[in-house]
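Quick note: numbers below take in every heavy atom, side chains included, and nothing from hydrogens, waters or symmetry partners. Note on naming: letters A, B, ... go to the chains in the order of the sequence lines (proteins, then strands), and numbering restarts at 1 for each one.
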Protein chains: 2
Amino acid sequence: MPVISPLLNEYIEEQAITSADKTFLQLRKDIVEGVILPSSKLSETELSTKYTVSRAVIREAINRLSACHLVERKANVGARVVSLTRAGLIQLYQVRESLEGMAARLAAKNMSDEEISDLNSLLNTHFHEVQSGESYYQEAGDVDFHYRIILGSKNHHLISLLLDGTYHLVRMYRVQLGMSGPRVTTAFDEHKHIVQAISNRDEELAEMLMRRHILYSKNNIESKLSN
Amino acid sequence: MPVISPLLNEYIEEQAITSADKTFLQLRKDIVEGVILPSSKLSETELSTKYTVSRAVIREAINRLSACHLVERKANVGARVVSLTRAGLIQLYQVRESLEGMAARLAAKNMSDEEISDLNSLLNTHFHEVQSGESYYQEAGDVDFHYRIILGSKNHHLISLLLDGTYHLVRMYRVQLGMSGPRVTTAFDEHKHIVQAISNRDEELAEMLMRRHILYSKNNIESKLSN
DNA sequence: AATGCTTAGATTGTCGACAATCTAAGCGTT
DNA sequence: AACGCTTAGATTGTCGACAATCTAAGCATT
């Protein structure tokens, strides 16, 4: 059993109140996980019968998906799921490098001592799981690690941009390109060094290491692509 | 007459096709410029009569405003214009520093020689305008400068995050705090050095200078705040 | 055969009405 | 007087229908 931080759980437990909320979350899940394929058209009438809600609800959900760049909408024409391209992936990781680098810097400044010690113990748990070969939870652990640092930045704009926006697109790329648990061992060392920098309150180093970590990750994924 | 780049014009000329488009742009303008005050409630029925469109149109416009963090919506309660706080401003500028720094780095890599030379001539025009005391156009020139670099990054994600999201909030802060044309002379020198780094294709330096430029700008605005 | 116009079908955009939920005023109880 | 419950009013959420727009098939022309 992996340890998922309460902070993270709080954010993951996106309480869907309205029907539009639930439809949005469901559609986002289906798109990210490839149930609805990239570049496919999202017909409002079709989806409204499929999810048994009115077109207005579907429209609102699609608009939100458009806001986080998972679909592209054209006036009087309709919405399509974004298509995954090599250039798009590179650009996405450039943004991620920039934002998560800043997040690591701010985390080194703003995380409480307790949060940092929690982060350290998470890393230990993560380490033991990797040892015992639970590669599935390994990815959850990786996500949890990054989420904690992002939340640790205490910067609401940053958190929203990454968790509501960028991250779902990243996950879509990872899922659909079949990159579930890449670079297990080296990534772990990188995580360790980042946490060390944060523990030392070394903002500069934390940012730099996080940026390199994401850069490596990008190169790794890129090398597995041919097109 | 200030020179506005064609690239910028293209992005500014947001062609509003549907009624929801126009309403969104109008509402955004009114919020950014303070016609609708921070923290005020956005009643759907009230706005629908005021702008003479249906509630559905208003709802879509408000949802888009919510997506770019100009309003906050609560389920079954309604939407309010965001309130401007010192902490919010600082966090916003941290994001801006991160993203625009990356934009400058990528601009140094991806701008064409022609675009760079255009940027240089813009800077000259800008300089002469400052000399003749046209402080109004000075700000437009500043915006144009930053826009060109952002567009020069050629990174669609980055461009969208900054121009559709962050920038309108920044403008809202600047307008409502009465900071129209701050730091004329020093900012110009900073712009000059950034362009120089881009001309030399020095990615590292371009990013660093842009980050410091925005950091200075933040400190300058912050010093003018008391609350 | 290729091109351009016309039209039928389907899709999106907009609207007004009804249902579900929240808010605040009024009443009663302690 | 303070607190909690009930209820009326207003606001948001959802729905189905109509209007505006796009798309593609079919026909006419060159």
[X] has a side chain; which of [options] sits nearest to it?
{"X": "B:V57", "options": "D:dT11, C:dC15, C:dA17", "value": "C:dC15"}
{"X": "A:V77", "options": "D:dT14, D:dT23, D:dC15", "value": "D:dT23"}
{"X": "A:N76", "options": "C:dT21, D:dC22, C:dT14", "value": "D:dC22"}
{"X": "A:S43", "options": "C:dT12, D:dT12, C:dC15", "value": "C:dT12"}

Q: Please assess B:E44 against B:R55 for the test salt bridge (Lys or Arg N to Asp or Glu O under 4.0 Å), listing each intermediate value before the final yes or no.
A: CA-CA 6 Å; B:E44 293 181 358; B:R55 261 187 62 220; 2.9 Å; yes
Q. Starting at the 5' end of DNA chain D, which residue's closest nucleotide do you reach first, A:A75 or A:I17?
A. A:I17
(Q) Go nucleotide by nucleotide along DNA chain D from the 5' end; which of A:A56 and B:K41 gets its closest nucleotide reached first? (A) B:K41
Between [X] and [N], is there a side-chain N or O to OP1/OP2 distance below 4.0 Å?
{"X": "A:S54", "N": "D:dC15", "value": "yes"}
{"X": "B:R59", "N": "C:dG16", "value": "no"}
{"X": "B:K74", "N": "D:dT11", "value": "no"}

Please give, in whole Å, the distance from [N] [atom2] to [X] [atom1]?
{"X": "B:R55", "N": "D:dA10", "atom1": "CZ", "atom2": "C1'", "result": "11 Å"}
{"X": "A:E60", "N": "C:dT12", "atom1": "CD", "atom2": "P", "result": "17 Å"}
{"X": "A:R80", "N": "C:dT11", "atom1": "CZ", "atom2": "C1'", "result": "13 Å"}
{"X": "B:R73", "N": "C:dC22", "atom1": "CZ", "atom2": "P", "result": "15 Å"}
{"X": "B:I58", "N": "D:dT11", "atom1": "CD1", "atom2": "P", "result": "14 Å"}
{"X": "B:Y51", "N": "C:dT14", "atom1": "OH", "atom2": "P", "result": "16 Å"}
{"X": "B:F24", "N": "C:dG13", "atom1": "CZ", "atom2": "P", "result": "15 Å"}
{"X": "B:N63", "N": "C:dT14", "atom1": "CG", "atom2": "C1'", "result": "16 Å"}

Q. NA contact type, A:L42, heavy-atom cut-off 4.0 Å: base, sugar-phosphate, or nothing?
A. sugar-phosphate
(Q) More than 12 heavy atoms of other residues, nucleotides or ligands under 6.0 Å from CZ of B:R73: yes or no? (A) yes
Q: Given salt bridge (Lys or Arg N to Asp or Glu O under 4.0 Å), test B:R211 with A:E207 step by step and report yes or no.
A: CA-CA 14 Å; B:R211 286 183 68 157; A:E207 173 167 12; 2.7 Å; yes
Q: May I have the step-by-step check of ring-ring contact (aromatic ring centres under 6.0 Å, His included) for A:H213 and A:H191, ending in yes or no?
A: CA-CA 8 Å; A:H213 173 55; A:H191 286 188; 4.7 Å; yes
Q: Considering only NZ, NE, NH1 and NH2 on the basic side and carboxylate oxygens on the acidic side, decide whether A:K109 and A:E203 come within less than 4.0 Å.
A: no
